[in-house]
Number of protein chains: 2
Amino acid sequence: MTPVVESTLHPRERLLRTASRLFYAEGVHTVGVDRLVTEAGITRATFYRHFPSKEDLVEAYLRARSEGIRRAVDAITGTSGGRAALLSVVDLIGDDTCRQDFRGCAFLNAAAEYPDPAHQVRVAIAEHRAWFSGVLRDLLAGAGHPEPDHAARVLVLLRDGALQSGELDDPQVVRETLLRAVHDLLGTGRAA
Amino acid sequence: MTPVVESTLHPRERLLRTASRLFYAEGVHTVGVDRLVTEAGITRATFYRHFPSKEDLVEAYLRARSEGIRRAVDAITGTSGGRAALLSVVDLIGDDTCRQDFRGCAFLNAAAEYPDPAHQVRVAIAEHRAWFSGVLRDLLAGAGHPEPDHAARVLVLLRDGALQSGELDDPQVVRETLLRAVHDLLGTGRAA
DNA sequence: GCAGAAAGACCGATCGTTCTCTCTCTACTC
DNA sequence: GAGTAGAGAGAGAACGATCGGTCTTTCTGC
């Protein structure tokens, strides 16, 4: 089969991109090593030269995705702050659910396939979630919200729900619902 | 290996209970037929006499679980209505997240392993979700909520988020957060 | 007698992983 | 600049284990 990613990229990068696409679209356990190496245009030997095992590739996939999200969020919090930044981050989530290839939250989906909380994959997921919760809390505190901790937890609930519902229900409606719910949570009044 | 469920039950019921336990605790793809028949104390032949394939067992597992939830919710809506019933249903969810063997929402977890929306498993999931959304909307309408459709969608978001976060974060905190968020959503004022 | 269950061998396919062998490109030495 | 070692990558066979699923045979209970 013809490789799906450009052959100019380094094999490791090709593998990681292919893994990211397939793992997200079809799940971790359903995508085998055969499929990965074929579509990445590499060989099995090259696979195991860069990753000790498939599970390490799964972890790398999630960490790379986390990195991308952090960059996107940092770009927002770098230019704005408080309430405006908060709404931009939520916009990001809402827009995500409406994307063509949207298949829910990569981290929640992966967690569903790894029951053991001590597993390296679950640890990577927990780290990403902790980072995101922290960002929300800081933004809420910066916006002068009276209870940033509680509000951040509610936002996480809404985010998790939106990312799950976005795949199972109508994404457009979910997006609207999320935006309205967050708007109500933050209050219609003025804030920093 | 010794069977884990009582041998007095019919083989089909033994299989279904074992499947429910293992699928929920460890995921669908991770649990093989070998494991199922061993722990259920039946043979492969008996398995395939009752279910055409493993995927039919997965569907039966989800439909049985849906049935159980419907019974629990019906018991609530049968004795009370409106706002009181609504809060009881939410209590049910909050308590669920704190259960010892809680591992998130069985339907969301299963959906993560079945990307194809047309798959029979996904259809069963969609049916359950549609039923639940309908119940929430009716209860909200009965409680005199001005926008039952929107509020029901927010409740679904909160529910999905709570069931996911309940496994990944602190379930006690998630429970509190959910209850407060729902309370705020419904308004502190009086209702039917 | 007959259906359903137990027991377990068996199927091809696929799982994740390791292996050998060849080739190419880079980098260092003289 | 020429020669060479060595790492990285391609190609593909092979590993044992397990996957979902089918088969035959024996036994039990109504």
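All values below were derived from every heavy atom in this structure, side-chain atoms included, with hydrogens, water molecules and symmetry-related copies excluded. Just so it is clear: chains get the letters A, B, ... in the order the sequence lines come, proteins before strands, and each one is counted from 1. For clarity, every value in this text was computed on a predicted model and none was experimentally measured.
Distance B:Leu15 CG to D:dG20 C1': 14 Å, rounded to the nearest Å. Taking atom CZ of A:Phe47 as the reference point, atom P of C:dC15 lies 12 Å away to the nearest angstrom. One interatomic measurement links the two molecules: CZ of B:Phe51 to P of C:dG4, which rounds to 15 Å at whole-angstrom precision. Atom P of nucleotide D:dG21 and atom CD1 of B:Ile42 are separated by 14 Å, given to the nearest angstrom. Between the C1' atom of C:dG16 and the CG atom of A:Asp56 lies a distance of 13 Å, rounded to the nearest Å. For the pair A:Leu36 CG and C:dC15 C1', the computed distance is 12 Å after rounding to whole Å. One atom, NE2 of B:His10, and another, P of C:dA3, lie 18 Å apart when rounded to the nearest Å. If you measure from atom NE2 of B:His29 to atom C1' of D:dC19, you get 12 Å, rounded to the nearest angstrom.
B:Val31 comes within 4.0 angstrom of the backbone, heavy atoms only, and of no base. Note on B:Val33: only backbone sugar-phosphate atoms sit closer than 4.0 angstrom, heavy atoms only; bases stay farther off. Among the protein residues, A:His50 comes within range of the sugar-phosphate backbone only, with heavy atoms under 4.0 Å from sugar or phosphate atoms but none that close to a base.
The only member of A:Asp149, A:Leu155, A:Val156 that meets side chain to side chain contact (heavy atoms under 4.5 Å, CB included) when paired with A:Arg137 is A:Asp149.
A salt bridge is defined here as a Lys NZ or Arg NE, NH1 or NH2 lying under 4.0 Å from an Asp or Glu carboxylate O, and A:Asp34 with A:Arg44 meets this definition.
When distances are taken from the side chain of B:Lys54 to each of D:dG10, C:dG8, D:dG21, the shortest belongs to D:dG21. Checked against C:dC15, D:dC19, D:dG20, the side chain of B:Asp34 finds its nearest nucleotide in D:dC19.
Ring to ring, A:Phe23 and A:His29 are not that close: their centroids are 6.0 angstrom or more apart.
The aromatic rings of A:Phe132 and A:His128 sit parallel to each other, their planes meeting at less than 30°, with 60° as the upper class boundary.
Contact annotation: A:Ser53 side-chain N/O to C:dG16 OP1/OP2 distance is not under 4.0 Å. Side-chain nitrogen and oxygen atoms of B:Arg14 include at least one within less than 4.0 Å of the OP1 or OP2 phosphate oxygen of C:dA6. Within the structure, a side-chain polar atom (N or O) of A:Thr46 is placed less than 4.0 Å from OP1 or OP2 of D:dG10. Between B:Tyr48 and D:dT22 there is no side-chain polar atom (N or O) within less than 4.0 angstrom of OP1 or OP2.
You won't find any donor-acceptor pair under 3.5 Å spanning the side chain of B:Arg44 and the base of C:dA7, going by distance alone.
A:Leu168 belongs to a hydrophobic cluster with B:Leu108, counting contacts under 4.5 Å between side-chain heavy atoms of Ile, Leu, Val, Met, Phe, Trp and Tyr, direct or through other members.
Two residues, A:Arg49 and B:Arg12, neighbour DNA chain C, and the one matched to the more 5' nucleotide by heavy-atom proximity is B:Arg12.
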